[in-house]
Protein chains: 2
Amino acid sequence: MYEVFFQKFNQRTPLTEDEENFIKQYLIPKKLRKRQYLLQEGDVCKSIALIEKGSMRTYLVDPAGQEHITAFALEGWTIGDLPSFQSELPSIQNIEALEDCELVLVSKSAHDELLKTMPKYEIYIRLLITDAYMALQKRTLNMISLSLDDRYKAFIDTYPNIAQRVPQHMIASYMGLSPETLSRIRSRMNNSK
Amino acid sequence: MYEVFFQKFNQRTPLTEDEENFIKQYLIPKKLRKRQYLLQEGDVCKSIALIEKGSMRTYLVDPAGQEHITAFALEGWTIGDLPSFQSELPSIQNIEALEDCELVLVSKSAHDELLKTMPKYEIYIRLLITDAYMALQKRTLNMISLSLDDRYKAFIDTYPNIAQRVPQHMIASYMGLSPETLSRIRSRMNNSK
DNA sequence: GCGAAACCTTGATTTTCGTCAACGGTTTTC
DNA sequence: GAAAACCGTTGACGAAAATCAAGGTTTCGC
């Protein structure tokens, strides 16, 4: 239990056994079945979650009622809606399990307490957010500067395991495309090689 | 000198006078004339910069040779290329002064030293990156889910001062549009009200 | 103060992607 | 095990934005 959580933590910020045990007090395990929600729009995001097992998606519903996937997450990734988590205001996003999931939750109060009492946790969080920021920036740069074909290639290269486990129409949604267009990109790529 | 820097710092993490003086040792003032560069692609981003006065842009040149503006920054904002700053590897972005600028630089070594010795600096950086992440996420969500007209309105609402100080073709570039398309959006908006 | 850039707009044409629709194959579900 | 839902592909069409081109205005540099 919590294996992946502490593996990821130690990767960035090595912990003693005592420190691990101290943190464990604050962690809450949670299981979600496929299609269950960790967060629904309108609710406050009360926890950030590390995925021990399974996969999830975050999505947004636009004014026209269309869904747009904004993030995928696999084992070892941390998810949550940061604006809602920070502000304790209702979220506009949804987070749903794509497969049966085992999660480790850190509630807002636990998070605040750990930030206050444990410098290593503060460092860990800073590194986590820094990485998230850089990944998001890379995504934004790709979105702006690459052709569709190259964006799809970049996605496959960066996240080969997502491409395998997630239906294509969701990848299209993540890329901001219609499923038909992604299908055509793929057939274009197959023909030209 | 450093007024804006400490105003922003104190806003998030109040400092005593001694603490301010401690940090001041690490700060380097720098002036840039319009069109001068803080960072050019291929170089390592050696400092993060707070803008005391002036405005800047960050841009990327794509494989086809086209420029894409990825960020604007005004007084009180902090800029730099995080992936390059963190990794000390060459950057793929350029940061250029749009007006004459007065900057406050924190070098990588100063940054690392401050992180190590001063918990309040660590907190400040975490909050800074958290805000940057949330702003970038909001931009990404808008990009994916809104119509062009609404995206432009959202930009104007969020950054009215940028819209005033920056040429429209740069805003078009930031939004990933041709200048002509942005011009037509604007005339559409004027006609319908 | 004058010439040259830079900037914004408008029109005509082309390209690209979304939408609509139909089909076949696979997986779920009861 | 059959019906239903889901999924990916393909074709025809239409809408939206890019591109190309030209003209008019403002700003900048000397």
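Letters A, B, ... are given to chains in the order of the sequence lines, protein chains preceding strands, and every chain is numbered from 1.
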- prompt: Please walk me through it: do A/H111 and A/Y121 pass side chain to side chain donor-acceptor pair (under 3.5 Å)?
  reply: CA-CA 9 Å; A/H111 175 78; A/Y121 184 81; 2.8 Å; yes
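- As rounded to whole Å, 13 Å separates atom P of D/dT9 from atom CZ of A/R188.
- Taken to the nearest 0.5 Å, the CG atom of A/L38 stands 5.0 Å off from the CD1 atom of A/I95.
- Between the CD1 atom of A/I185 and the C1' atom of D/dG8 there is a distance of 14 Å, rounded to whole Å.
- Under the side chain to side chain donor-acceptor pair (under 3.5 Å) criterion, the residue pairs touching residues 163-175 of chain B are B/E75-B/R165, B/E99-B/R165, B/R139-B/Y174, B/Q168-B/R186, with sequence neighbours excluded.
- Nucleotide C/dT28 holds its P atom 12 Å from the CD atom of A/E99, rounded to whole Å.
- For A/E17, the CD atom sits in a loose shell: 12 or fewer heavy atoms of surrounding residues, nucleotides or ligands are nearer than 6.0 Å.
- Ring to ring, A/Y124 and A/F9 are close: their centroids are under 6.0 angstrom apart.
- Remark: P of C/dC17 and CD of A/Q66 are 17 Å apart, rounded to the nearest angstrom.
- We find that CG of B/D62 is positioned 14 Å from P of D/dA18, with the value rounded to whole Å.
- The terminal axes of the helix from C/dG1-D/dC30 to C/dC30-D/dG1, fitted over 5 pairs per end, subtend an angle of 60° to the nearest 10°.
- Using modelled atom types, one finds a donor on one side chain and an acceptor on the other under 3.5 Å when comparing B/S91 with B/D81.
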- request: Assign a letter to each nucleotide of nucleotides 5-11 of chain C from its 5' end: B, base within under 4.0 Å of a protein heavy atom; S, sugar-phosphate only; -, no contact.
  value: --SSSBB
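- Atom CD1 of A/I171 and atom C1' of D/dC7 are 13 Å apart (whole Å).
- Between B/L98 atom CG and D/dC28 atom P the separation is 13 Å, expressed in whole Å.
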